[in-house]
Engineer: 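Got a structure for you, written out below as structure tokens; questions coming shortly.
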Amino acid sequence: MANGHVIGSFQLMKSLNRSLILNLIRSKGTISRAEIAKQTKLTPPTVTNIVNELLVEGLVEEGHAGPSNGGRKPIMLRINTANFFVIGIDVGEKKIRFAVTDLNANIIGRQTVRLAEAVTKDQLVQTIMKQIYMLVDESAISFAKILGIGIGMHGIVDHEKGIAVFAPNLNMKNIPLKELLEKEFHIPVKVENDVRAMALGESWFGNGADYEDIVCINVGYGIGAGIIMKNRLFRGQHGVAGEIGHTVIDLNGPACSCGNYGCLQAIAANDGMKAYVIKQMALGRNTIISSLVNGNLEKVSGKVIHQAALAGDALAMEVLENSGRYLGASIANLINVLNPERIIIGGGISRAGAYILDPIIKVVEQRALNAEAKKTSIVQSKLKDKATLIGAVTLVLADLFSINYESPKQVI
């Protein structure tokens, strides 16, 4: 038993050292073995042994010679980003996006599949499996070169077990995605809430890259927030942290899909804006929105409203401003509670740009507590419609490169 404990401790230490070295190479871009030993405080033989393993595995490659300090020029090391791949999946309410990327999250192949109205759990899983096979085949890569599959799933997720606990807009519960996909593909699978995945993606590759404390807010058919504090994803005790779409902003407001009334999501997200437009049209408001959907008001959406706003439609601009004001009030509350460095707005509604960002910023400047909080940076997502997709990929990359998965940007 004691011997087994010693072996286990040795393997753990070796694994930590390996992650330490991999993460340092990734964060520096190129670095020599001597500099790795200096920065990690590991012995040169330990660094050499681990680097040799990484070279054999193909995760690391040797590049150009570095500057000399008097002796022979050192050979620089870098991540072999094009030798391995990651699959990212964004499971939304209406469609599923798929991508295969290299280790820098550059997209090699991409697909989108629309979901049927009453899709079942089995159909959902079979669709995901089928598309993974198609994507890998079309991208002309081998499954042996795929390091992992990351999934961003809307709703409540048990990230440790890889289970979609509750996907409200699909009306599904307890989908064991990790178990089913690992059994099918024999590849590690990571599952996370879509907005948390988005936050991780923005933290690594988007507008959160230079910040430790960020909140990413996704505004589309629903509204949710992904919170990263001190480079750590924050989920809360029961995995529901960040569900700002279900914070009540009007006690006498409309019914929400969660069963409550007056939730932010029911007022400021896609369906809330649609309901407002239809109500105003019934009251006789003049608008081009009806003509844009050929009189079929069921097709009114955030995208259509934005299109009308660009054409100067007063009602469309009013709807977007109202949505921005309500979002601004909720974001001001978030700032007063969490005090992040930056707020990143993503999702379909965020494409309205200044129509929605300007009222958000104005309300925050009015309602945040002090001068510094009032000036909290609020920007659009850099990754845009790829944010959750790249975030899903980042779930795998974070596990590969980080000393601690929960601290994705840890640098020595």
Side-chain angles (χ1 to χ4, degrees), residues 195 198-199 202 207-208 214-227 242-250 252-254 256 262-281 285 287-289 292 300-338 340 342-369 373-385 387:
V195 192
M198 168 192 165
E202 287 287 340
N207 278 332
I214 64 172
V215 176
C216 292
I217 298 174
N218 189 70
V219 188
Y221 286 96
I223 300 176
I227 303 166
E243 291 290 345
I244 67 165
H246 299 292
T247 54
V248 176
I249 57 172
D250 182 354
N252 299 310
C256 180
C263 291
L264 175 66
Q265 179 170 302
I267 296 171
N270 189 86
D271 289 350
M273 294 196 301
K274 175 181 174 180
Y276 185 85
V277 165
I278 292 172
K279 179 180 178 181
Q280 291 301 309
M281 288 176 64
R285 287 285 296 274
T287 175
I288 65 169
I289 293 175
L292 290 176
V300 174
S301 65
K303 182 178 180 180
V304 171
I305 294 169
H306 180 213
Q307 187 179 350
L310 289 172
D313 187 87
L315 176 58
M317 289 188 284
E318 178 184 312
V319 172
L320 291 171
E321 182 179 4
N322 286 343
S323 181
R325 287 175 58 249
Y326 281 114
L327 281 164
S330 290
I331 289 170
N333 290 338
L334 263 179
I335 290 171
N336 290 339
V337 172
L338 297 176
R342 169 165 276 192
I343 302 283
I344 300 172
I345 311 292
I349 306 299
S350 72
R351 293 174 202 160
Y355 287 111
I356 201 162
L357 275 180
D358 285 354
I360 287 174
I361 292 169
K362 183 176 180 180
V363 172
V364 168
E365 287 178 345
Q366 291 171 345
R367 294 180 177 269
L369 278 177
K374 292 176 187 295
K375 296 300 180 183
T376 300
S377 173
I378 301 173
V379 299
Q380 280 182 279
S381 163
K382 179 180 178 180
L383 302 177
K384 300 182 179 177
D385 66 332

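Heavy-atom basis, side chains included; hydrogens, waters and symmetry copies ignored. All values reported here derive from a predicted model rather than from experimental measurement.
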Engineer: Quick check: closest heavy atoms across S350 and Q380, and the distance to 0.1 Å?
Structural biologist: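 Scanning both residues completely, I find the closest heavy atoms to be O-NE2, 2.7 Å.
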Engineer: Would you find a donor on one side and an acceptor on the other, under 3.5 Å apart, between the side chain of E202 and the backbone of K382?
Structural biologist: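 It does hold such a pair.
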Engineer: Just how far is it from atom OG1 of T376 to atom CD1 of I335, taken to the nearest 0.5 Å?
Structural biologist: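 Going from the OG1 atom of T376 to the CD1 atom of I335 covers 4.0 Å.
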Engineer: Mind running side chain to side chain contact (heavy atoms under 4.5 Å, CB included) on R351 and D385 for me, showing each step along the way?
Structural biologist: CA-CA 9 Å; R351 293 174 202 160; D385 66 332; 3.4 Å; yes
Engineer: Give the intermediate values and the outcome of side-chain hydrogen bond (donor to acceptor under 3.5 Å, both in side chains) for residues D313 and T287.
Structural biologist: CA-CA 6 Å; D313 187 87; T287 175; 3.0 Å; yes
Engineer: If you take all heavy atoms of A308 and A316, which pair is closest and at what distance?
Structural biologist: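 Minimum heavy-atom separation between A308 and A316: CB-CB, 3.6 Å.
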Engineer: Drop me the distance from I305's CD1 to L315's CG, to the nearest 0.5 angstrom.
Structural biologist: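 Going from CD1 on I305 over to CG on L315, the span is 8.0 Å.
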Engineer: Rounded to the nearest 0.5 Å, what separation is found between the CG atom of N322 and the CD1 atom of I356?
Structural biologist: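 Going from CG on N322 over to CD1 on I356, the span is 10.5 Å.
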Engineer: First locate atom CG of N218, then atom CD1 of I345, and finally report the distance between them rounded to the nearest 0.5 Å.
Structural biologist: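 It comes to 9.5 Å.
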Engineer: Measure across V215 and A225 and return the closest heavy-atom pair with its distance rounded to 0.1 Å.
Structural biologist: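 What the structure gives for the nearest pair is CG1-CB, 3.9 Å.
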Engineer: Can you tell me how far CG of N207 sits from CD1 of I343, rounded to the nearest 0.5 angstrom?
Structural biologist: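 Atom-to-atom, I343:CD1 and N207:CG are 13.0 Å apart.
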Engineer: Say whether, by atom type as modelled, one donor and one acceptor occur between the side chain of Q265 and the main chain of C256 under 3.5 angstrom.
Structural biologist: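 Absent.
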Engineer: Within this structure, what is the CD1-NZ distance for the pair I349 and K303, rounded to the nearest 0.5 Å?
Structural biologist: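 Those atoms lie 11.5 Å apart.
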Engineer: Show the nearest heavy-atom pair for residues G302 and N270, with the distance to one decimal.
Structural biologist: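 In terms of heavy atoms, the two residues are closest at N-OD1, 2.8 Å.
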Engineer: What heavy-atom pair brings L334 and P340 nearest, and what distance separates the two atoms?
Structural biologist: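 Nearest heavy atoms, L334 then P340: O-CD, 4.3 Å.
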Engineer: Work out which heavy atom in A332 is nearest to a heavy atom in R367; give both atom names and the distance.
Structural biologist: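 It is CB-CB, 3.9 Å.
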Engineer: Give me the one residue out of V248, I223, V219, N333 that meets side chain to side chain contact (heavy atoms under 4.5 Å, CB included) with L264.
Structural biologist: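 For L264, the side chain to side chain contact (heavy atoms under 4.5 Å, CB included) test succeeds with only one of V248, I223, V219, N333, which is I223.
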Engineer: With side chains defined as the heavy atoms from C-beta onward, is the minimum distance between K374 and Q366 less than 4.5 Å?
Structural biologist: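 No, every pair of side-chain atoms sits at 4.5 Å or beyond.
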Engineer: Do V319 and Q280 have side chains that get closer than 4.5 Å, going by heavy atoms?
Structural biologist: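 The answer is no, as the side chains (C-beta and beyond) never meet within the 4.5 Å cut-off.
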Engineer: Between R285 and E318 (salt bridge meaning N to carboxylate O under 4.0 Å), is one present in this structure?
Structural biologist: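 A salt bridge links R285 with E318.
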Engineer: Given 3.5 Å as the limit, does a donor-acceptor pair link the side chain of S330 with the main chain of L327, or not?
Structural biologist: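 Judged by distance alone, no pair lies under 3.5 Å.
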Engineer: Is it the case that the side chain of Y355 and the backbone of A309 share a donor-acceptor pair, with hydrogens and angles ignored and the cut-off at 3.5 Å?
Structural biologist: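 It does hold such a pair.
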